[in-house]
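Along the sequence shown, the residues carry numbers beginning at 1. Here the structure is a predicted model, which means the values were calculated and not measured.
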Amino acid sequence: MTRLASSWRSEAGMTTSQVAIVFPALLFWIMLIVQYGLWFHAKQVAEAAVAEAVDAAQTPAGTIESGEAAARSFLASSGNLDNTVITVQRDLVLVTAEVRGDAPRLVPGFSWSVTARSQAPVERFVPEPSR
């Protein structure tokens with residue numbers, strides 16, 4: 001047997017063992033990338049729900065309940081958030097809304113929560129002579 005043939009035989013199966021070690025790490029990194037995409041989408045959904053809540057509550061006839069209902073309606077149609085908590089506060093001058101929730105989990109062991117907050121002045125009617 002030649003020296004070259006014996007060196008080939010000693011490395012037989014090396015590629016299989018390398019793939020068995022590297023492939024799970026590669027899959028984990030791919031899952032993390034997809035998980036980040038799910039979190040980013042959940043963040044965008046939360047920010048849009050907060051905007052809907054503020055828009056509904058800042059009108060002259062708007063209430064805290066109408067803001068919360070608008071946010072719930074938006075979240076029900078868009079999904080992608082679990083365990084949502086919607087908080088709307090309104091006084092004579094300012095409306096503040098906050099949405100908290102959990103993004104879908106693809107990678108086990110990590111918690112991916114999302115929080116969005118927005119505020120705007122309460123709209124009011126100003127008569128023509130007062131402008």
Side-chain angles (χ1 to χ4, degrees):
M1 195 178 300
T2 65
R3 184 175 195 185
L4 186 59
S6 67
S7 67
W8 284 343
R9 205 174 298 158
S10 66
E11 293 181 13
M14 189 64 159
T15 304
T16 305
S17 62
Q18 288 172 346
V19 168
I21 292 171
V22 172
F23 194 66
L26 178 67
L27 282 178
F28 182 73
W29 280 107
I30 291 171
M31 286 174 57
L32 280 178
I33 292 168
V34 173
Q35 179 67 64
Y36 176 75
L38 289 171
W39 173 83
F40 185 77
H41 182 260
K43 179 77 173 161
Q44 297 299 315
V45 167
E47 288 176 3
V50 163
E52 290 288 324
V54 167
D55 286 346
Q58 82 179 106
T59 62
T63 62
I64 291 172
E65 290 79 20
S66 65
E68 289 176 352
R72 284 191 204 293
S73 172
F74 183 83
L75 289 172
S77 66
S78 15
N80 204 27
L81 274 178
D82 296 324
N83 305 322
T84 56
V85 176
I86 300 168
T87 307
V88 178
Q89 297 175 348
R90 181 177 189 214
D91 56 26
L92 295 175
V93 180
L94 195 66
V95 173
T96 304
E98 182 176 275
V99 172
R100 293 178 184 216
D102 295 330
R105 287 177 45 180
L106 180 66
V107 178
F110 290 97
S111 175
W112 300 83
S113 62
V114 171
T115 302
R117 184 180 170 102
S118 181
Q119 63 183 13
V122 173
E123 295 176 357
R124 61 186 179 93
F125 176 72
V126 178
E128 184 70 34
S130 300
R131 292 185 203 173

Quiz prompt | Least distance between heavy atoms, Pro24 atom then Ala20 atom | solution = CD-O, 3.2 Å
Distance-only donor-acceptor pairs under 3.5 Å for side chains of residues 81-93, two or more places apart:
unit_1, atom_1, unit_2, atom_2, d
Asn83, ND2, Asp102, OD2, 2.9
Arg90, NE, Ala57, O, 3.2
Arg90, NH1, Gly62, O, 2.2
Arg90, NH2, Thr59, O, 3.3
Asp91, OD1, Val93, N, 3.0
Asp91, OD1, Leu94, N, 2.6

Quiz item: What are the two closest heavy atoms between Ala70 and Ala56, and how far apart are they?
Solution: CB-CB, 3.7 Å
Exercise. For Ser118 and Val54, work out which heavy atoms get closest and say how close.
Key: O-CG2, 3.8 Å
Self-check item: All salt bridge (charged side-chain N to carboxylate O under 4.0 Å, His left out) counterparts of Arg117, not counting sequence neighbours
Solution: Glu98
Quiz item: Partners of Ser78 by side-chain contact (heavy atoms from CB on, under 4.5 Å), sequence neighbours excluded?
Solution: Val45, Phe74
Quiz item: Residues in side chain to side chain donor-acceptor pair (under 3.5 Å) with Asn80, at least two apart?
Solution: His41
Which side-chain N or O atoms in residues 32-39 pair as donor and acceptor under 3.5 Å with protein atoms at least two apart or in another chain?
unit_1, atom_1, unit_2, atom_2, d
Gln35, OE1, Leu106, N, 2.5
Gln35, OE1, Val107, N, 3.2
Gln35, NE2, Pro104, O, 2.8
Trp39, NE1, Ser113, O, 3.3

Quiz item: To the nearest 0.5 Å, how far apart are OG in Ser66 and CD in Glu52?
Solution: 11.5 Å
Practice problem: Under 4.5 Å between side-chain heavy atoms, chaining through other members, with only Ile, Leu, Val, Met, Phe, Trp and Tyr counted: pull out the rest of the cluster around Ile21, sorted by chain and number. | Solution: none
Self-check item: Non-neighbouring partners of Ala116 that pass side-chain contact (heavy atoms from CB on, under 4.5 Å), sequence neighbours left out
Solution: Ala46, Glu47, Val50
Quiz item: Atom CE of Met31 and atom CZ of Arg105: how far apart are they, to the nearest 0.5 Å?
Solution: 11.0 Å
